[in-house]
Each structure stands twice: as structure tokens, then as C-alpha cells.
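Please read the structure below before turning to the comments.
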Amino acid sequence: MKKIYLYILFTMLLGNTFAQSVSSNYTYSNAATATFTAITGTTVHAASVDDALSASIALPFTFQYGCANQSNIKISSNGWMTFNTALTASGITNDLDNATNGYANPLIVAPLWDDNQVWTNGAVSYTTTGTAPNRIFKVQWLNMEWDFFASGAVMSFQAWLYETTNVIEFRYRRDGTNVSAGGASIGLMGATTGDFIS
């Protein structure tokens, strides 16, 4: 089977890093030239995990997002991560335009937010590459069932956070199983309803 790769880039606009919203600070671009290369890192969700949210993870560098310097992140098995470490539930509705999901200031980065599950040979993990001030914090969802009812791995994907530039990059690899009723949200969510880019 031929693998299909997709690369999405959210670039932070220069000069106004603490403007009022995620939607005004980031621009979107799409390129099919980057490849998905699986990473080896620290596992936060192992095979067969569903609807899980990691403990708070310290970022290796400060990342500007949602009008603030962020230093910690939580990672969901459902294809998103958040800078709001007060969030406690992974199963919130995948609606980037709705900050009233029961949590104030969601601050979500969502490469493929849906009711996903880690397939039997998959994992959700993270690593850091590069050297300061040009490091990249990489989160990977490898061999994911999309959605929960899929019969095998449908997608693998990554979110990269770039030190200094605050760029966010999504990378994707199509795996061998067909999607099962997937309706993913893909993009960035700020602190309030209407503050999103998708």
C-alpha cells in the first residue's frame, strides 16, 4: 500500500507575539513535501489506551501560545494536546470553536482530534530534537484507530513545537485500515469561544 503524507504548518506572526488570540497570531500553510518519520521517545499512552490524558509534562523550552509563555503540556490519546494543565478529561467534544466544553482556557493543539484509540502496536509518545535555541518538541500518535471502532491502525501523526519561532507543525501518515466514522477537528484552539484556526 502506498503511504500518503501530509504536512500542515501554523506559523506564528512576528512582532505581536502576545496579541489577543490564537487566530490572529497564527497563519496556516499546507505542503505535501515533508515526510512522516516515526520517532522514538517517552511513551505516555501505550497500546489499546482509549480516552486518556497524560499527567503534566514539562516542556524543554518556553513556548508562546494563547497570549502567554507556556512551560507544560498534557497529551490526549484522542489526538490533541493542551497547555492548560488543569484539564482533567480527555473525552471532551472535538469542537475547536467551543471553549465552553466544561473547561476555561482550553488552549488546545489538535492534529487529529476525534474519538481515537491506540492500536495494539501503537503508542503516543514525545521527544525533543535539536539544540537550543532551535529545539523541536515532537509529540507522536503512532498507529491510531480512527475512530475507536476502526479495525486497525488508520493514521499516524505528529505535532511539532518549534523553540524560538513558536511555529506548530503537523505531520501525517496514512496507515493500512479504513477510517471508521471519523469526524476529526484539526487546528488550534485558544482560550475563548471563536478563538481558533482550523
Could you tell me whether a side-chain N or O of [X] sits under 3.5 Å from a main-chain N or O of [Y], the two making a donor and an acceptor?
X: Asp114; Y: Gly183; answer: yes
X: Asn116; Y: Leu112; answer: yes
X: Tyr65; Y: Ile108; answer: yes
X: Asp195; Y: Val22; answer: yes
X: Arg171; Y: Ala159; answer: no
X: Tyr172; Y: Pro111; answer: yes
X: Lys138; Y: Thr129; answer: no
X: Asp147; Y: Phe149; answer: yes
X: Arg173; Y: Phe157; answer: no
X: Thr43; Y: His45; answer: no

Where do [X] and [Y] come nearest, in terms of heavy atoms and distance?
X: Leu142; Y: Ser156; answer: CD1-OG, 3.5 Å
X: Ile168; Y: Val109; answer: CG2-CG1, 4.0 Å
X: Thr37; Y: Gln140; answer: O-OE1, 4.2 Å
X: Ala150; Y: Asn178; answer: CB-O, 4.2 Å
X: Val124; Y: Met144; answer: CG2-SD, 4.2 Å
X: Ser151; Y: Thr177; answer: OG-CG2, 3.5 Å

Does some side-chain heavy atom of [Y] sit less than 4.5 Å from a side-chain heavy atom of [X]?
X: Met155; Y: Asn143; value: no
X: Trp80; Y: Leu53; value: yes
X: Thr120; Y: Ser48; value: yes

**OP:** Check whether Leu59 and Ile75 end up in the same hydrophobic cluster, where Ile, Leu, Val, Met, Phe, Trp and Tyr are linked by side-chain heavy atoms less than 4.5 Å apart.
**Re:**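 Yes.
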Subject >> Same cluster (ILVMFWY, side-chain, under 4.5 Å), Ile39 and Met81 >> reply: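 Each belongs to a different hydrophobic cluster.
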Hey, what do you get for [atom1] ([X]) to [atom2] ([Y]), rounding to the nearest 0.5 Å?
X: Arg135; Y: Thr164; atom1: CZ; atom2: OG1; value: 8.0 Å
X: Gln64; Y: Asn69; atom1: CD; atom2: CG; value: 5.0 Å
X: Thr42; Y: Ile57; atom1: OG1; atom2: CD1; value: 8.0 Å
X: Trp146; Y: Asp175; atom1: CH2; atom2: CG; value: 11.5 Å
X: Ser76; Y: Asp51; atom1: OG; atom2: CG; value: 7.5 Å
X: Ile73; Y: Asn84; atom1: CD1; atom2: CG; value: 11.0 Å

**OP:** Show your working on side chain to side chain contact (heavy atoms under 4.5 Å, CB included) between Ile186 and Phe170 and close with a plain yes or no.
**Re:** CA-CA 9 Å; Ile186 298 171; Phe170 296 162; 4.1 Å; yes
Subject >> Residues Gln158, Trp160; criterion side chain to side chain donor-acceptor pair (under 3.5 Å); working and verdict >> reply: CA-CA 6 Å; Gln158 299 169 341; Trp160 294 13; 3.0 Å; yes
Original post:
Once the angle between the rings of Tyr126 and Phe137 is folded into 0 to 90°, is it parallel (under 30°), tilted (30 to 60°) or perpendicular (over 60°)?
Top reply: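 Ring orientation of Tyr126 relative to Phe137: tilted.
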Subject >> Parallel, tilted or perpendicular: ring planes of Phe83 versus Phe63, cut at 30 and 60 degrees >> reply: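 Phe83 vs Phe63 ring planes: parallel.
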**OP:** With side chain to side chain contact (heavy atoms under 4.5 Å, CB included) as the test, would you mind laying out the steps for Asp115 and Asp50 before giving the verdict?
**Re:** CA-CA 8 Å; Asp115 188 13; Asp50 181 46; 3.7 Å; yes
